[in-house]
S.K.: 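This is the structure I want to talk about, given as structure tokens.
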There are 2 protein chains.
Amino acid sequence: MRVLVVEDETRVASAVKRGLEAEGFAVDVAMTGTDGLWLAQENDYDVIVLDIMLPGMNGYRICSTLREGGNWTPILMLTAKDGEYDEAEALDTGADDYLTKPFSYVVLVARLRALLRRAGRSETVMYEAGDLRLEPALHRVWRGDTEISLTAREFSVLEYLLSRAGDVVSKRDILEHVWDFDFEGDPNIVEVYVGRLRRRVDEPFARRAIETVRGAGYRLRTDGGR
Amino acid sequence: MRVLVVEDETRVASAVKRGLEAEGFAVDVAMTGTDGLWLAQENDYDVIVLDIMLPGMNGYRICSTLREGGNWTPILMLTAKDGEYDEAEALDTGADDYLTKPFSYVVLVARLRALLRRAGRSETVMYEAGDLRLEPALHRVWRGDTEISLTAREFSVLEYLLSRAGDVVSKRDILEHVWDFDFEGDPNIVEVYVGRLRRRVDEPFARRAIETVRGAGYRLRTDGGR
DNA sequence: TGCGCGCGATGCGTGTGCTCGTAGTGGAAG
DNA sequence: CTTCCACTACGAGCACACGCATCGCGCGCA
């Protein structure tokens, strides 16, 4: 699955690239509008993530240029909500979906999946670790046969941990992927949410799927904590 | 089922394309009148959606050209209600039905289904989830054996939820599919209508088919809420 | 045929419960 | 003993649900 990311903010671009690659996407990044257009025309991507504010050539022009050339690759446009540019205009120029900044990585992935699904290019995804099961599209989680209800944020954290099951995931990673890219609050919030998750998915079932790796982060056991 | 959409407003075109593809139609889009006529003549579509105001060649001329050439593919014409062009003229030139802009996606689909049904090219579609049943063509809804009467808007929302039964559907999705493409009111209206639907299809039967997924959207249970 | 009245559909404003994030303290590991 | 993590309590903000005003349409009557 090939993805082109056209984004000049290095921080966002690299976080997205790392994350998508970890999920098995092949990611190209363009830091300028002209580069982005060039890459999009020269290669056959499955989906394009396109920032609007770009040096060289803005996202609208890239988008409409591609469409005029008969290129109908699904495009997800990133819009700032400062009013200067808006979503309607994004769709007008031929984008398939939009996302307002700031956004978090997991939301981006969810939207990409939806786009790919609509384009008929992807199969339904499901995460599994032992008897712990999570379906992103359905927004549902099970331990064995019993369903667990989680809040949106709890769900996102668990989804990310599951997407990297077996790995040690640093708190910084979690923060960068689950929270908005411009979140600047207390990193302690990650610990709070891991705690809440344990209380919901581990304790009632006498398991310990989420392990603490002191000084490094957390690891979700691939056997679900048996 | 093949559909040709001739429409120059990218926003409308891509929204229609996405939606129809999600329902299993094969959709071609033409952005100019000349392209549209060309595609319509070269391919055998099951139905054609045709905007009137088009760059290159307007919808009337495309329509009458096709009819003169012996092409009787059902045509649904899109008219703006500014009075410059009108519906009578659309039908005169050989269109089978018309729709005034702005329109919402579900209305478009309903009309297309009606056209296909009249042309004898489509099987009756029916949505089912547990004992909840909806027939788009008849515009009727049942819970078990008792019929439920809904307003147009309520029906549209339920139809869309049923078309994606089991999935979490975001409020934004519902808004974009059920309301006019240019609706810019309070998104809160979605919550209002979900509430009304519950009062009509859930509460009287002590069911809960429509679940709230806080922070994500709504989900229609595939078992109808048993 | 034209005007007026009533009802139903639609969408907006407002209240409330829940979620989220912060701060602070207690505890365990190294 | 120090550092890092777990847990709790609480306040602010938001997502959601509910009642109400408005708009438009259809029916009835003149």
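Naming: A, B, ... by sequence-line order, numbering from 1 per chain.
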S.K.: Could you list the residues that satisfy ring pair (Phe, Tyr, Trp, His ring centres under 6.0 Å) with Y98(A), not counting sequence neighbours?
M.R.: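 Ring pair (Phe, Tyr, Trp, His ring centres under 6.0 Å) list for Y98(A), sorted by chain: empty.
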
S.K.: Mind calculating the distance between CG (D180(A)) and P (dC14(D)) to the nearest angstrom?
M.R.: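 Rounded to whole Å, this separation is 12 Å.
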
S.K.: Provide, to the nearest angstrom, the distance between the CG atom belonging to L197(B) and the C1' atom belonging to dC18(D).
M.R.: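 Going from L197(B) (CG) to dC18(D) (C1'), I get 15 Å.
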
S.K.: Can you establish whether the number of heavy atoms outside R18(A) located under 6.0 Å from its atom CZ is more than 12?
M.R.: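 Enclosed: over 12 neighbouring heavy atoms sit under 6.0 Å from CZ of R18(A).
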
S.K.: Reckon K171(A) has a side-chain N or O less than 4.0 Å from the OP1 or OP2 of dC4(D)?
M.R.: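 No, because none of the side-chain N or O atoms of K171(A) sits under 4.0 Å from OP1 or OP2 of dC4(D).
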
S.K.: Between P on dC12(C) and CG on L175(B), what's the gap in Å once rounded to a whole number?
M.R.: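 Whole-Å distance recorded here is 11 Å.
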
S.K.: Do R196(A) and Y193(A) form a cation-pi contact, if we require the NZ or CZ to be under 6.0 Å from the six-membered ring centre and within 45 degrees of the ring's axis?
M.R.: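 Yes, R196(A) and Y193(A) form such a contact.
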
S.K.: Tell me which one of L132(B), L197(B), V157(B) satisfies side-chain contact (heavy atoms from CB on, under 4.5 Å) with I210(B).
M.R.: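 For I210(B), the side-chain contact (heavy atoms from CB on, under 4.5 Å) test succeeds with only one of L132(B), L197(B), V157(B), which is L197(B).
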
S.K.: Using whole Å, what does the distance between atom C1' of nucleotide dA9(C) and atom CG of L150(B) come to?
M.R.: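 It works out to 13 Å between those atoms.
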
S.K.: Between protein and nucleotides 20-30 of chain C, map the contacts as a letter string: B base, S sugar-phosphate only, - none, heavy atoms under 4.0 Å, written 5' to 3'.
M.R.: SBBBB---BB-

S.K.: In this structure, how many angstroms lie between the P atom of dC18(C) and the CD atom of E191(B), rounded?
M.R.: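 So the CD-P distance, E191(B) to dC18(C), works out to 16 Å.
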
S.K.: Does Y218(B) make a side-chain N or O approach to OP1 or OP2 of dA15(D) shorter than 4.0 Å?
M.R.: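 Indeed not, no polar side-chain atom of Y218(B) lies that close.
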
S.K.: How long is the span from the CG atom in L116(A) to the CZ atom in F25(A), to the nearest 0.5 Å?
M.R.: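 L116(A) CG to F25(A) CZ: 6.0 Å, rounded to 0.5 Å.
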
S.K.: Starting from P on dT8(D), measure out to CZ on R198(A) and report it in whole angstrom.
M.R.: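 So the CZ-P distance, R198(A) to dT8(D), works out to 13 Å.
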
S.K.: Quick one: salt bridge (charged side-chain N to carboxylate O under 4.0 Å, His left out) partners of R200(A), sequence neighbours excluded?
M.R.: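 R200(A) satisfies salt bridge (charged side-chain N to carboxylate O under 4.0 Å, His left out) with E154(A) only.
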
